[in-house]
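What follows is one structure encoded as structure tokens, with my remarks underneath.
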Amino acid sequence: MNAGNERETVFIVDDVVENIDVINGLLHNDYNIKFATNGKMAISIARKFIPDIILLDIIMPEMDGFEVATILKADPLTHDIPIIFVTSRDEDFDEVRGFELGAVDYITKPISPVVLKGRIKTHLALSNQKKYLATQVKDKTKELIDAQLEIIRKLGIAAEYKDNETGNHIVRMSKFCYYIAKAYGFDQEKMDLFLHVAPMHDVGKIGIPEVVIQKPGKLNKDEWETMKNHCQIGADIIGEGTTELMRASRIVAFGHHEKWNGNGYPQGLKGEEIHIYARIVAIADVFDALISSRPYKDAWEVDTAVKYIESEAGEHFDPEVVAAFIKALPDILDTVSQYK
């Protein structure tokens with residue numbers, strides 16, 4: 001997009017130097033000009049400089065304009081650059097193919113200066129408007145995501161207050177999930193997603209009476225059934241979200257107490273029926289619970305807790321996620337030390 005008084009760049013691609021000279025003579029007073037005389041050179045220059053618009057000849061040796069356009073439109077770096085095909089009047093130009101490849105327009109030789117300048121000005125204006133709108137959408141989307149993240153953090157903190165836990169539990173849980181997801185092979189986007197949604201795993205405890213949550217001994221049958229309701233309550237609080245962030249939050253809130261062997265709750269799912277998000281959060285949740293003091297138990301030694309997680313591979317936990325947990329253990333133990 002043109003910023004301030006910076007001139008926009010028109011990229012001329014034509015194997016005939018005389019044609020380039022003619023177009024350059026018409027445009028050089030108003031635009032920066034770059035040019036290439038073959039398709040391979042055109043692709044290289046377009047990727048390096050990202051021009052504002054491309055005037056692309058169709059008939060060229062080795063690689064014609066259609067092939068060049070196909071490659072440029074397939075590349076995220078150059079996909080959004082408007083392309084105007086340049087064709088001779090006696091050429092059999094396939095208009096449908098040109099527009100299907102993503103061209104915004106075409107002009108014919110011999111070139112009319114008025115038509116050339118008018119088309120370039122129009123399509124640069126449209127391209128700049130498109131970029132501006134895309135920026136606005138991106139900014140608004142970020143605002144919405146930031147608002148969702150803030151809600152998630154606040155709800156997670158509220159649940160921990162109810163459970164008489166410290167905020168460090170949320171931090172540890174989130175980081176455990178992040179490192180397990182990394183070791184499991186997820187990309188950065190999914191790793192960050194775990195970091196954001198893990199605090200929501202126990203949000204349903206907001207709806208459980210404190211006398212049950214903070215009981216300093218073993219729960220009786222009725223109390224246990226009440227406690228198990230926190231998964232459904234959490235799912236109900238989050239609702240059926242329309243974003244990946246909220247959908248993932250609901251998945252971990254509802255499914256983090258399912259067990260690989262099918263003996264978990266609330267649905268009694270087994271194996272890969274349990275969403276991978278819930279399988280990862282399950283290990284992080286149990287590990288942190290084991291190494292933390294609770295009203296009904298003392299904290300375990302870290303080594304003992306790790307051995308327990310390993311022993312539950314194929315029973316409580318997905319064996320592959322347990323392997324990822326072990327692989328991520330150095331980062332997990334650093335987190336334990338940092339957020340005691």
Side-chain angles (χ1 to χ4, degrees), residues 141-142 144-160 163 165-205 230-231 234-235 237-260 264 269 272-292 305-306 309 312-313 316-336 338-339:
T141 300
K142 185 179 185 302
L144 290 173
I145 291 175
D146 288 344
Q148 289 178 344
L149 289 175
E150 186 64 18
I151 291 170
I152 286 173
R153 283 191 288 266
K154 296 300 184 184
L155 284 172
I157 291 171
E160 296 309 313
D163 201 14
E165 286 289 340
T166 67
N168 279 352
H169 170 64
I170 289 179
V171 176
R172 288 193 303 268
M173 265 283 302
S174 301
K175 289 185 175 290
F176 293 169
C177 290
Y178 178 92
Y179 291 125
I180 295 170
K182 179 180 181 180
Y184 190 81
F186 280 118
D187 60 20
Q188 188 64 50
E189 184 178 351
K190 282 291 192 292
M191 289 158 56
D192 290 339
L193 183 67
F194 275 104
L195 200 63
H196 298 318
V197 304
M200 293 290 274
H201 72 289
D202 269 344
V203 69
K205 287 185 177 179
H230 80 276
C231 295
I237 288 172
I238 297 167
E240 299 286 348
T242 58
T243 65
E244 178 69 5
L245 187 66
M246 298 310 290
R247 286 194 296 268
S249 296
R250 189 180 192 279
I251 287 168
V252 301
F254 193 46
H256 69 285
H257 281 296
E258 300 288 355
K259 294 185 178 181
W260 185 255
L269 301 180
E272 293 186 357
E273 294 174 350
I274 308 165
H275 198 288
I276 185 59
Y277 295 172
R279 282 182 263 157
I280 287 177
V281 171
I283 286 186
D285 186 35
V286 170
F287 180 69
D288 194 67
L290 292 175
I291 63 174
S292 302
V306 170
I309 296 294
E312 286 294 308
H316 190 153
F317 307 119
D318 176 353
E320 291 188 7
V321 178
V322 172
F325 168 82
I326 298 303
K327 183 177 179 181
L329 206 51
D331 289 321
I332 289 172
L333 296 183
D334 282 345
T335 300
V336 172
Q338 188 175 357
Y339 299 96

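Index from 1, following the sequence.
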Provide the closest heavy-atom pair for [X] versus [Y] in the form atom of the first, atom of the second, distance.
X      : Y      : result
Cys177 : Ala198 : SG-CB, 3.9 Å
Gly204 : Ile237 : CA-CD1, 4.4 Å
Met246 : Ile238 : O-CG2, 3.6 Å
Ala253 : Met200 : CB-O, 3.6 Å
Gly255 : Ile274 : O-CG2, 4.3 Å
Val321 : Ile283 : CG1-CD1, 3.4 Å

Quiz item: If you look only at pairs with a residue in residues 316-336, which of them pass as a side-chain hydrogen bond (donor to acceptor under 3.5 Å, both in side chains), with sequence neighbours excluded?
Solution: Arg279-Asp318

Self-check item: side chain to side chain contact (heavy atoms under 4.5 Å, CB included) partners of Glu189, counting only residues at least two apart
Solution: Asp187

Exercise. I would like to know whether Ile332 and Ile180 meet side-chain contact (heavy atoms from CB on, under 4.5 Å); could you show each step before the answer?
Key: CA-CA 8 Å; Ile332 289 172; Ile180 295 170; 4.0 Å; yes

Practice problem: Output every pair passing salt bridge (Lys or Arg N to Asp or Glu O under 4.0 Å) with a member in residues 241-255, not counting sequence neighbours, ordered by first then second residue. | Solution: Glu240-Arg250, Glu244-Arg247

Practice problem: Check the pair His230 / His257 against side-chain contact (heavy atoms from CB on, under 4.5 Å), numbers first and verdict last. | Solution: CA-CA 10 Å; His230 80 276; His257 281 296; 3.4 Å; yes

Practice problem: Output all residues satisfying ring-ring contact (aromatic ring centres under 6.0 Å, His included) with Phe194, sequence neighbours left out; order by chain, then residue number. | Solution: Phe186, Tyr277

Self-check item: Test ring-ring contact (aromatic ring centres under 6.0 Å, His included) applied to Phe176 - qualifying residues, sequence neighbours left out
Solution: Phe287

Practice problem: Apply side-chain hydrogen bond (donor to acceptor under 3.5 Å, both in side chains) to His256 and list each qualifying residue two or more places apart in sequence or on a separate chain. | Solution: Asp202

Quiz item: Got a sec, which residues hit side-chain hydrogen bond (donor to acceptor under 3.5 Å, both in side chains) with Tyr179, two or more places apart in sequence or on another chain?
Solution: none

In Å, rounded to the nearest 0.5 Å, how long is the span from [atom1] of [X] to [atom2] of [Y]?
X      : Y      : atom1 : atom2 : answer
His196 : Tyr178 : NE2   : OH    : 10.0 Å
Phe254 : Leu269 : CZ    : CG    : 8.0 Å
Asp288 : Ile170 : CG    : CD1   : 10.5 Å

Practice problem: Kindly indicate, with the supporting measurements, whether the criterion side-chain contact (heavy atoms from CB on, under 4.5 Å) is fulfilled by Ile326 and Val306. | Solution: CA-CA 8 Å; Ile326 298 303; Val306 170; 4.1 Å; yes

